[in-house]
Amino acid sequence: MSEPTYFDLVYAVVRKVPRGRVTTYGAIADYLALGASRMVGWALNHCRPGDGVPAHRVVNRKGELSGRHHFDPPARMQALLESEGVEVVNDCVVNFKALFWHPEEENDK
DNA sequence: TGTTTGACCACGG
DNA sequence: GCCGTGGCCAAAC
């Protein structure tokens with residue numbers, strides 16, 4: 001058990017994302033002051049369903065399901081979002097701007 | 001140990 | 001408004 005790695009930090013933030021909301025890699029990177037949004041995606045790359053990390057709630061700044069291809073099956077990501085009430089069309093989150101959630105916004109409030 | 005990659009973002013033309 | 005390039009940091013090879 002070593003010190004927490006970058007993925008652990010990302011996992012924690014993604015887990016804080018309330019249901020029916022979506023966030024972006026840049027928001028997480030900015031919240032964690034990573035300065036490198038690529039690390040967020042890279043961290044989620046090692047993410048697994050067993051970790052309980054709703055990676056499907058994480059999209060790029062365009063609101064597009066950029067990481068859907070890393071899901072199994074890829075359509076799983078959209079299915080999960082729709083299951084949470086998030087409308088997804090053309091692999092893009094509808095009302096993305098409205099559903100956008102920032103780590104600074106406390107979900108439990 | 002150095003190089004390459006990676007679910008990206010911001011800026012410039 | 002769209003396309004191209006740079007940057008960013010960390011892990012894997």
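Lettering follows sequence order; numbering is per chain, from 1.
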(request) Name all pairs fulfilling the salt bridge (charged side-chain N to carboxylate O under 4.0 Å, His left out) condition that reach into residues 72-87 of chain A, sequence neighbours left out, sorted by first residue then second. (result) A/R57-A/E84
(request) Can you run down the salt bridge (charged side-chain N to carboxylate O under 4.0 Å, His left out) pairs that involve residues 32-43 of chain A, sequence neighbours left out, and say none if there aren't any? (result)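 Qualifying pairs, neighbours excluded: none.
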(request) Identify the heavy atoms of A/S37 and A/A29 that sit nearest to each other, and give their distance. (result) CA-CB, 3.6 Å
(message) Could you report the tightest heavy-atom contact between A/H56 and A/L81, atom names first, then the distance?
(response) O-CD2, 3.2 Å
(request) To the nearest Å, give me how far apart CG (A/N60) and C1' (B/dC8) are. (result) 8 Å
(message) From CG of A/L32 over to P of B/dC8, roughly how many Å is that when rounded to an integer?
(response)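 In whole Å, B/dC8 P and A/L32 CG are 17 Å from each other.
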(request) Using a cut-off of strictly less than 4.0 Å, decide whether A/T24 has a side-chain nitrogen or oxygen near OP1 or OP2 of B/dC8. (result)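 Result: no.
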(message) Does any part of the side chain of A/Y25, heavy atoms only, come nearer than 4.5 Å to the side chain of A/L44, both counted from C-beta?
(response)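 Yes, their side chains come closer than 4.5 Å.
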(request) Using a 4.5 Å cut-off on heavy atoms from C-beta on, say whether the side chain of A/V93 contacts that of A/E64. (result)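 A/E64 does not reach A/V93 side chain to side chain.
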(message) So if I define the base as every atom that isn't primed, P, OP1 or OP2, how would nucleotides 6-13 of chain C read as a B/S/- string at a heavy-atom cutoff under 4.0 Å?
(response) -BBBSS--
(message) Near DNA chain B, counting only heavy atoms under 4.0 Å, which residues of residues 76-87 of chain A show up?
(response)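 Going residue by residue through residues 76-87 of chain A, none turns out to have a heavy atom under 4.0 Å of DNA chain B.
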(message) Quick check on contacts: within residues 93-101 of chain A, what sits under 4.0 Å from DNA chain B by heavy-atom distance?
(response)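 Of all residues in residues 93-101 of chain A, none places a heavy atom under 4.0 Å from DNA chain B.
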(message) Would the distance check show the side chain of A/N95 and the main-chain N or O of A/A98 forming a donor-acceptor pair, the cut-off being under 3.5 Å?
(response)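 A pair under 3.5 Å: no.
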(request) Identify, with sequence neighbours excluded, every residue that meets side-chain contact (heavy atoms from CB on, under 4.5 Å) alongside A/A27. (result)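 A/T23, A/T24, A/F100, A/H102, A/P103.
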(message) Taking side-chain contact (heavy atoms from CB on, under 4.5 Å) as the definition, give me every residue that meets it alongside A/R21, ordered by chain and number, with sequence neighbours left out.
(response) A/V17, A/P18, A/W101
(message) Which residues pass the side chain to side chain donor-acceptor pair (under 3.5 Å) test with A/D91, not counting sequence neighbours?
(response) A/R68
